[in-house]
Amino acid sequence: MSIKIKCRLDRGVGTNGDPGFRLDVDLDLPVAGITAVFGPSGCGKSTLLRCVAGLEKKARGMVKIGPRVWQDDHTFLPVHQRALGFVFQDGLLFPHLSVLENLEYGLKRSDADRQTIVMDEVVELLGLEKLLARGTTDLSGGERQRVALGRALLTSPDLLLLDEPLAALDRSSRRAIYPYLERLRTDFTLPVLYVTHALDEAARLADHMVLLEGGQAVNSGPLTEMLTSPAPGLAHGDEAGAVLPAWVAGFDREFHLARLGFEGGELLVADTGLVPDQEVRVRIHARDVSLTLEPAGGSSILNILPARVLALIPDSPARVLVRLAVGDSVILAAITHRSATALGLEVGRDVHAQIKSVALL
Amino acid sequence: MSIKIKCRLDRGVGTNGDPGFRLDVDLDLPVAGITAVFGPSGCGKSTLLRCVAGLEKKARGMVKIGPRVWQDDHTFLPVHQRALGFVFQDGLLFPHLSVLENLEYGLKRSDADRQTIVMDEVVELLGLEKLLARGTTDLSGGERQRVALGRALLTSPDLLLLDEPLAALDRSSRRAIYPYLERLRTDFTLPVLYVTHALDEAARLADHMVLLEGGQAVNSGPLTEMLTSPAPGLAHGDEAGAVLPAWVAGFDREFHLARLGFEGGELLVADTGLVPDQEVRVRIHARDVSLTLEPAGGSSILNILPARVLALIPDSPARVLVRLAVGDSVILAAITHRSATALGLEVGRDVHAQIKSVALL
Amino acid sequence: MLAPEDLTALVLTLKLATISTLVLLVLGTPVAWWLAMTRRRVRPVVDALVSLPLVLPPTVLGFYLLLFLGPDGPLGRLMIAAGGRPLAFTFTGLVIGSVIYSLPFVVQPIRDAFMATGHAPLEAAATLGASPRDRFFTVAVPLARRGFLTAATLGFAHTLGEFGVVLMIGGNIPGRTQVLSIAIYNHVEALDYGRAHLLSGGLLAFSFLLLLAVHFLNRRFPVVRV
Amino acid sequence: MLAPEDLTALVLTLKLATISTLVLLVLGTPVAWWLAMTRRRVRPVVDALVSLPLVLPPTVLGFYLLLFLGPDGPLGRLMIAAGGRPLAFTFTGLVIGSVIYSLPFVVQPIRDAFMATGHAPLEAAATLGASPRDRFFTVAVPLARRGFLTAATLGFAHTLGEFGVVLMIGGNIPGRTQVLSIAIYNHVEALDYGRAHLLSGGLLAFSFLLLLAVHFLNRRFPVVRV
Amino acid sequence: AFPEQVHVAVAANFADCLDQLGTAFEESTGHELIVSQGSTGKHFAQIKAGAPFDVFFAADSERPALLEADGLTVSGSRFTYAVGRLVLWMPRAEPDSSTSVVEVLKSPGYRHLAIANPRLAPYGLAAKQTLISLGVWVELEPRLVMGQSVGQTWQFVATGNAQLGLVAQSQFAASENSSGSWWDIDADLHDPIEQQAVLMLSAAENAAAKMLMDFVRGPEARLIIETYGYTVPED
Ligand SMILES: Nc1ncnc2c1ncn2[C@@H]1O[C@H](COP(=O)(O)OP(=O)(O)OP(=O)(O)O)[C@@H](O)[C@H]1O
Ligand SMILES: Nc1ncnc2c1ncn2[C@@H]1O[C@H](COP(=O)(O)OP(=O)(O)OP(=O)(O)O)[C@@H](O)[C@H]1O
Ligand SMILES: [Mg+2]
Ligand SMILES: [Mg+2]
């Protein structure tokens, strides 16, 4: 079972010989989980989502969500018959309806027996209580985006298309919404196409990632691979880092820490209310990993793991990315060439990876 | 010389007794530099900018930009006579004009002898070459924001009001624009009010910061203080960190590193084309700082500085923020309570701060 | 104060204006919608055709309608073939005439309003599961509200004052086709200025109050700006 | 083929329609703008007043205008006092009559278009240094283009077919105030159906082509959706 | 004398005839006629509002008399230039002289009888008087349709929407379509349809206007007027 999106669309040929914009992608995405769509401004992310939704009548290709064919050479299911939720980049709330009526619009039009997502929950989660009776024209930018997200969720769709739904939100509002989006993935196994500019957000939420450039999918694959692979993509600069699946192995109750097991060892992280055996994901930024030859004592760094150098990938004139095997897992460390030379790093060398901070995703 | 903004505005009283929204701020901002306006969704950031611009006719108070009074009890300069540039949260391009005509709209209406910002530069910087002949209705979200920013810049204003101008842009487009915004500050001493949700962005660009909540300015001050002060504000969680002014003291040409001097020592950072004596700002995230009792050898961490504990600020059940004096500067370290206990940290204790990565802003 | 035949005319006029306006809205809306949404090449042709009834003098238009509705005209033959009677000098005929003559006033404002709304809100509705019909009624129409208001106002007012066409195909039968505008006209022609003033004044006052109510309601529930 | 007096009427009609449309746009635009932007309490009143000329039968409206413009009417006295002549039975009088009668068709579509645009683009223009006047002409008017087009179409077409008012205050003087609509009407009255058909057909064909051109141009340069 | 212009307001039913009179007048005098055709009621209102008419050919005698009473005319200039004749017309019937007018009117074989509005048009008043005289008014009232003028009445009948109409004799002269059956109405059944002309006071010094008045009373004009189906009273 997978989501197949094969799509080709020519956007108006530009003036003075400019060939215009062409989207041409052929994607095969897992049906479960969140797929981040990533790429520079104008690369075609919104266009891709529109094609999947059926809003681009001229798009040729195929859209299959698991067993359901939304579009192929013979079929073109109209938009309203595709069970999808769409959050547009600019919200597109109905100006003639109140916030509540906007929320109800999709709700009323979805099968009652499929309604897995309920109003009260959405309202509370998105902090919309005070807005319900308001009109939509004088909402703030972030309020508008929250309402649009809620409206789309309430259709209890088969596929959620989100076009930068959190871009206008501050970090804490975003943080509050993440777990909910994750629940969509885990509890409802609702597939999500998620356009975002923030790699943090992608790393936090996504299982899969598509990298668009100039209308083409230059790379696509599971998030963990995408983030550590040396292929064209994301394993560069400050964004580089690994995402590891882990589980809660135990607790240090005194200091409110949790021990996470992963394929290759254990990590100590702040306990934010984890439960034993819970499955979690952790992100280890390359820049948060330092290397020593001997395990250092008397340091505030709790996580020191034995590791072996797999590869040295020059990243910039000053910096090198070190791929490290920690047990069966791969993590990255970003260090200066100077340190690499000073430590005499080479492939196969055993070192200790000091992980200053572990982001629990 | 300063920017004085004293402003009070009641937004439509809500239905069912909800008192509606009230903006009530009294700010005194330095005339030079970028002021970040920060706060949760719906706290009044956009409204504040609208008041300063004179778009809210009902706002009472005072707006003074240096010697020029834009508004007080007797004066209300109409919007078009205030020399300002405004980038709206939703762009608001003119749909009947091409991209080029949009850019020219403001340009043509500003005094020729004040035009310090030129078309070609803006077009190139914002990557608008290919868009110039296009209409504005089918631009992508990011393209639209770039055009709106260019249009505002080209008025060569006395004050720039930016409402999340980069929210729809990917990191690399943003990175390309930062230096330009910085040049506005340094070369043109153009004051900027900058609404953003991204603390990174604020830290990178801003000198000053205003923290809004529920229509009130709960805190405001120089960025460096705001980021390290224990007062209500930002010195929390992952965002905590210090911003230090520094200068280029020398180079390690072999490894493409630069030595930065600051009040309290030296830091090694990647040389991204710095020039001797250049003034720069560095951001040291609290979570990038680890503490050891003895300077550790054989480590990839280059920057190890002697420091003294100034304060221990519990940040979460698991984590504590350590305010450190490094020479005359203050930096923060985020470590676990467990490490703090293990190291026996207390106020006045001498430690070594290992700084894994230094973000050059 | 009002003569009984004037009262009859008044009632008839209101009935005619109300029914015509309703018919105009029902017929004009799909035309306006088609004009706003189609990308066909023929659109400008239809656009032009819709405005055409305006350019003929009403009486002349009425004359041609008389030919069209009459026993030798296409519609007349059809009616007779269908076992009915020609529609001239009937209330139905009046409605047909008023509708044709006022069509441009109704179609164009609604078309403009549909166009101003654009496709985006409809697309949003589609993604929320609304069928084309559903989104037409729940999104397109409410958002074009101001256009409908203008259309209804112009259509209603124009039918009130409508005269030439109605005069021609109505046959001025008191109680059946003699509407107020004709009654007033007759008073003027017959030099009975007093009654003309009275009726005109009454019509103006009544219309003013009606329009005022409409505009006031519209202000109370302002149409939002898209 | 065309009789000389019909030709005169045609020229006069085009002149009247063109001038009236221009005057209507010039007068109607500020009214529409005021109606779209004001938050005054009197707005609904003005809104209602603007539609009022429609509800009177044109001949009756013409009759009252005649009283108003004539030597004993307020404007007539004024003109005479100012050393001029009353405006009844002059071309100027026709223009006044046409303008009053067609005003609603012009004001309402433009008003709707201004309203649909809303304040936001104007605010953006203001922050770019455009004065109220400047932004009116460079932002509000171009964005309301479709409204202007509808207004001009309805206004022009309505003046072409305009009849009752013109007949009354013009006096049907060949070469001075006898417009084409009256000429056609006269032919019909005089049972000269051949000439009536010819003129009607010509008027229709001409108007159709004109409207087609307008709508076609409008399609070539589509008004963007805000 | 220099060629002068005479501005004439004429009732619609007489316009065609005046056209021909005008041609003859212009040929014989060199003066020029400007003709404004319209309904007499409108002309009356316009004249009172200062319309620049020199001569008024009304459709009735009432309006000229009123103007005279108001002192707007050259006294003594009012005269009857034509007397109209009423005809019952049934365009879709075979010519048939055996049936009487009353029989035709009373027959159930038609739906609408068109007459001119008695309040507005002299022909309408005459039609009403005729129907009353024939004792069928009350019976026929539900079947009546009324035109604002006799011209419009003609159109109701000519287009077949009304099967029967009381129209003016003069209209047959003007129209090519005069098929079917018609019956002249006995002039005794109604008051005479007198159409009067007056010279406006403002034209008292207009020699050409006076000449026109004289011309219309003259024998040449009389001939033309009679060919249009009017009778002209002896002076
Ligand atoms: N006419 C109005 N009536 C009542 N409340 C209003 C009105 N206009 C705006 N508001 C409210 O004022 C508050 C401030 O809005 P503002 O747009 O300034 O927020 P913001 O800080 O820019 O938020 P965001 O980051 O989401 O853009 C919001 O809660 C908004 O809903
Ligand atoms: N009608 C059109 N004619 C020509 N180009 C078009 C048209 N519509 C869209 N485009 C172009 O297609 C490209 C893709 O647009 P799209 O909105 O998909 O970008 P995006 O990846 O979502 O960008 P952003 O992150 O800025 O929102 C853009 O360069 C846009 O300008
Ligand atoms: Mg986009
Ligand atoms: Mg905002």
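Chain letters run A, B, ... following the sequence lines, proteins first, then strands; residues in each count from 1. Computation of the quantities below employed the complete heavy-atom set of this structure, encompassing side-chain atoms and omitting hydrogens, waters and symmetry-equivalent molecules.
- Residues B/Lys58 and B/Asp10 have side chains not in contact (no heavy-atom distance under 4.5 Å, counting atoms from C-beta outward).
- Note on A/His256, A/Arg338, A/His352, A/His337: by heavy-atom pairs under 4.5 Å with chain B, the leading option is A/Arg338.
- For A/Glu254, no part lies near chain B; criterion is any non-hydrogen pair under 4.5 Å.
- Atom CD1 of B/Ile331 and atom CD1 of B/Ile284 lie 5.0 Å apart (nearest 0.5 Å).
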Practice problem: Before giving the answer on side-chain contact (heavy atoms from CB on, under 4.5 Å), spell out for A/Leu268 and A/Arg259 the whole-Å C-alpha distance, their side-chain angles and the decisive distance to 0.1 Å. | Solution: CA-CA 5 Å; A/Leu268 276 170; A/Arg259 285 188 296 115; 3.5 Å; yes
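- For A/Val351, no part lies under 4.5 angstrom from a heavy atom of chain B.
- Using a 4.5 Å cut-off between heavy atoms, A/Leu291 contacts chain B through both its backbone and its side chain.
- Both the backbone and the side chain of A/Ala167 come within less than 4.5 Å of a heavy atom in chain B.
- Contact count against chain B (heavy-atom pairs under 4.5 Å) is highest for A/Arg146 among A/Gln354, A/Arg146, A/Glu294.
- Under 4.0 Å is where a charged nitrogen must lie from a carboxylate oxygen, and between B/Asp138 and A/Arg11 no such pair does.
- Contact annotation for A/Ser290: both backbone and side-chain heavy atoms come within less than 4.5 Å of a heavy atom of chain B.
- Among A/Gly142, A/Ser339, A/Ala258, the residue making the largest number of heavy-atom pairs under 4.5 Å with chain B is A/Ser339.
- Between the CD atom of B/Glu201 and the OG1 atom of B/Thr196 there is a distance of 4.0 Å, given to the nearest 0.5 Å.
- At least one side-chain heavy atom of B/Leu267 sits less than 4.5 Å from a side-chain heavy atom of B/Leu305.
- Per-residue heavy-atom pair counts under 4.5 Å with chain B were compared for A/Leu139, A/Asp252, A/Asp271, and the maximum is reached by A/Asp252.
- Using a cutoff of 4.0 Å between basic side-chain nitrogens and carboxylate oxygens, B/Glu143 and B/Lys130 are not scored as salt-bridged.
- Of the listed residues (A/Ile301, A/Leu343, A/Leu345, A/Leu131), the greatest number of heavy-atom pairs within a distance under 4.5 Å of chain B belongs to A/Leu343.
- The two atoms that bring B/Leu302 and A/Thr336 nearest to each other are CD1-OG1, 3.2 Å, heavy atoms only.
- Interface remark: A/Asp163 contributes no atoms to any contact with chain B (heavy atom separation under 4.5 Å).
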